[in-house]
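These notes concern the structure reproduced below.
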Amino acid sequence: MKNYEVVIGLEVHAELSTKTKMYCGCSAAFGSDPNTHCCPICTGMPGVLPVLNGKAVEYAVKAGLATNCEIARFSKQDRKNYFYPDLPKAYQTSQYDLPLCKNGYIEFKVGDTQKRVGITRIHIEEDAGKLIHDAYTGDTLVDMNRCAVPLIEIVSEPDMRSAEEAINYMQTLKSILEYLEISDCKMQEGSLRCDVNLSIRPIGQKEFGTRTETKNLNSFKSIQRAIEFEIQRQIDEIEAGRQIFQETRRWDDDKGYGYAMRSKEDAHDYRYFPEPDLAPIVLSDEYINEIKKELPEMPHIKKQRYMSEFNLPEYDSEQITSSKEVAGYFEKAVSICNNPKAVANWIMGDFAKMLNESDITVNESKILPENLAKLIMLTDNQTISSAIAKKVFIDMFETGKNAQDIVNEKGLVQITDEGAIKQIVERIVSENAQSVADYKAGKDKAIGFLVGQIMKESKGKANPQVVNKLLLEVLNK
Ligand code: ADP
Ligand code: MG
Ligand code: ZN
């Protein structure tokens, strides 16, 4: 078998978190009873006139600036014509040849190397409604609440070479959109979704192979699996002497299987033409500069700052800044306890694991950043041992109680008094003659066992350094 190189380009759709829809005053909120966020404009009644939502343009420009794009001073909207029951106008208002933003890039780490992926364009367009297939009656119902919710489509250059790169690209993009606060990026609700364009070519070949496009993936896991599936399928086809057809495909994440939806032959001819009801979008330098000034500190800049200001390792810094929410939590806790590495360790360790298991975010947890800071201070000033801190943390996570209160109520204050610890050490040593003999015979493991017994006897409260010191003293007497 030949060795193949994978080529991937992504088209990402993000719903913008504007209050209202793209061309009318209806709410753009997710959920609600079907067909309650609708009016004659967003349901495409004849004779209505759309009015462009200025926020949508502003958000798209923010996305463009944050991804190093050129922002068009003159762009326009076009009709993309096709019929589908969830698109009552029978055309989608989008942008064709003059998008708002183009020629940008984003950068991220893949392993140890810095990767740059080009952004071909970012344009604004409207979302379609939703079809609901009622399994009981066999009917298909239409919910138009999502019709004309503002979207941006971010099209990448075919610059990615593996599933890992595509996932990292998507994660970076998600984090940028979250930092900008222009999309809630809830993939499970469809506010962030992507189409994967993928081809393969023998290593060394210049020309790209024929690509397929797998539509509408809405979780990182499904992006990963759909890519792996499609790579293998294309290799199998080519190895079997068959050819790859340019086609649109679907991915069934339950079955773990991708399949062709339509081929190029019956691809739509969208008959794009300029939207006659909407004026061109003309942006001044002042307008763009104002937006530029408002941009928040972006994740890659924050990452560098955490490394220099807090002396965090690159890995920690990257992990924490990848989410704006986590970064905010981190900074709040650090401002109180002044121990960045300890806060980072909690956030990336036990805390992350427990959040993940409960499927909630840091701000949804009962532990306030002030309280995590308090726990760290209790550990730093040796009031409690780090083993006890782990237990207190679990209690905090479950009850939201104050760290100090838990320590007081349960009497968890660390024992540092040498006299008290020495008593326990001497008792354990006298009760474990075999371990003492093992230690004297050179088996260092015996120490670990004895320390464990002493800690257990003290209910985890003995200061471990003192225990170690006294134990060695007693053993070597
Ligand atoms: P369309 O409008 O038909 O979707 P585009 O030219 O806009 O076509 O390309 C869509 C996406 O496909 C882009 O993200 C681009 O990077 C990617 N792409 C184009 N050619 C290839 C290829 N040969 N292999 C993989 N991806 C490709
Ligand atoms: Mg496409
Ligand atoms: Zn409406």
Side-chain angles (χ1 to χ4, degrees), residues 4-13 18-29 32 35-45 48-53 56 67 78 80 82 88-89 92-97 99 102-106 117-123 125-129 143-150 153-163 165-166 169-170 173 194-202 205-217 223 226-227 230-231 234 238 243-249 261-264 267-270 272:
Y4 295 94
E5 181 178 49
V6 180
V7 174
I8 299 172
L10 297 186
E11 293 164 272
V12 174
H13 285 92
T18 53
K19 287 204 180 63
T20 55
K21 291 187 178 180
M22 193 70 130
Y23 305 111
C24 61
C26 293
S27 164
S32 304
N35 300 310
T36 54
H37 296 171
C38 312
C39 73
I41 295 173
C42 56
T43 52
M45 296 296 144
V48 296
L49 278 178
V51 178
L52 179 60
N53 183 340
T67 54
D78 302 273
K80 181 180 182 181
Y82 64 100
K89 296 196 296 189
Q92 178 191 31
T93 309
S94 179
Q95 295 194 286
Y96 183 53
D97 53 339
K102 60 178 189 189
N103 297 337
Y105 64 87
I106 62 172
V117 172
I119 306 282
T120 317
R121 57 187 274 155
I122 302 179
H123 65 255
E125 59 185 28
E126 57 179 337
D127 213 343
D143 176 6
M144 303 210 188
N145 283 352
R146 208 178 63 181
C147 280
V149 166
E153 177 172 337
I154 305 163
V155 182
S156 87
E157 289 293 301
D159 286 347
M160 288 156 275
R161 296 290 175 269
S162 65
E165 289 188 1
Y169 168 83
M170 193 69 184
L173 207 52
C194 98
D195 306 337
V196 172
N197 294 274
L198 188 150
S199 62
I200 59 170
R201 61 180 169 187
Q205 179 182 308
K206 270 223 173 63
E207 306 76 40
F208 286 146
T210 304
R211 76 184 147 110
T212 62
E213 177 175 1
T214 303
K215 285 273 193 197
N216 259 324
L217 299 162
I223 295 169
I227 289 175
E230 185 57 15
I231 293 171
Q234 291 193 12
I238 288 174
Q243 111 196 58
I244 302 297
F245 296 101
Q246 188 173 339
E247 62 194 6
T248 304
R249 302 178 61 85
M261 194 169 74
R262 56 178 132 86
S263 69
K264 201 185 175 188
H268 290 294
D269 172 3
Y270 293 116
Y272 276 102

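Whatever order the structure lists them in is the order used to number ligands and atoms, beginning at 1.
With rounding to the nearest 0.5 angstrom, the OG1 atom of T120 is 8.0 Å from the CG atom of N103. The CE atom of M170 lies 4.5 Å from the CD1 atom of I223; values are rounded to the nearest 0.5 Å. For the atom pair R146 CZ and H37 NE2, the distance stands at 14.0 Å (nearest 0.5 Å). Rounded to the nearest 0.5 Å, atoms OH (Y105) and CG (D159) are 13.0 Å apart.
Partners of N35 by side chain to side chain contact (heavy atoms under 4.5 Å, CB included), not counting sequence neighbours, listed by chain and number: C38, D143, M144. T212 pairs by the side chain to side chain contact (heavy atoms under 4.5 Å, CB included) definition with E230, R233, Q234, I244, E247, R249, not counting sequence neighbours. For D78, the side chain to side chain contact (heavy atoms under 4.5 Å, CB included) criterion is met by K76, Y96, D97, Y272, P274, not counting sequence neighbours.
When R211, E213, E11 are ranked by how near their heavy atoms come to atom 5 (P) of ligand 1, first place goes to R211. The option from S199, G209, S156 that lies nearest to atom 15 (C) of ligand 1, judged by heavy atoms, is S156.
Near V155, the atoms of ligand 1 lying under 4.0 angstrom from a non-hydrogen atom of the residue are 13 (C), 14 (O). In summary, the atoms of ligand 1 found under 4.0 Å from a heavy atom of P158, numbered by their order in the structure, are 16 (O), 26 (N), 27 (C). Close approach of ligand 1 to E157 is summarised as follows: ligand atoms under 4.0 Å from at least one heavy atom of the residue are 16 (O). Heavy-atom contacts of V7 reach the following atoms of ligand 1: 24 (N), 25 (C) (cutoff under 4.0 Å). Close approach to F208 involves these atoms of ligand 1, each under 4.0 Å from a residue heavy atom: 23 (N).
Closer than 2.8 Å to the Zn ion (ligand 3) sit the protein N, O or S atoms C24 SG, C26 SG, C39 SG, C42 SG.
Between E126 and K89, at least one side-chain nitrogen of the basic residue sits less than 4.0 Å from a carboxylate oxygen of the acidic one, meeting the salt-bridge criterion. Between E207 and R201, no side-chain nitrogen of the basic residue sits less than 4.0 Å from a carboxylate oxygen of the acidic one, so the salt-bridge criterion is not met.
Under 4.0 angstrom from ligand 1, the non-hydrogen atoms of L10 all belong to its backbone.
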message = side chain to side chain contact (heavy atoms under 4.5 Å, CB included), that's the test. Do H13 and D195 meet it? Break it down for me.
response = CA-CA 8 Å; H13 285 92; D195 306 337; 4.1 Å; yes
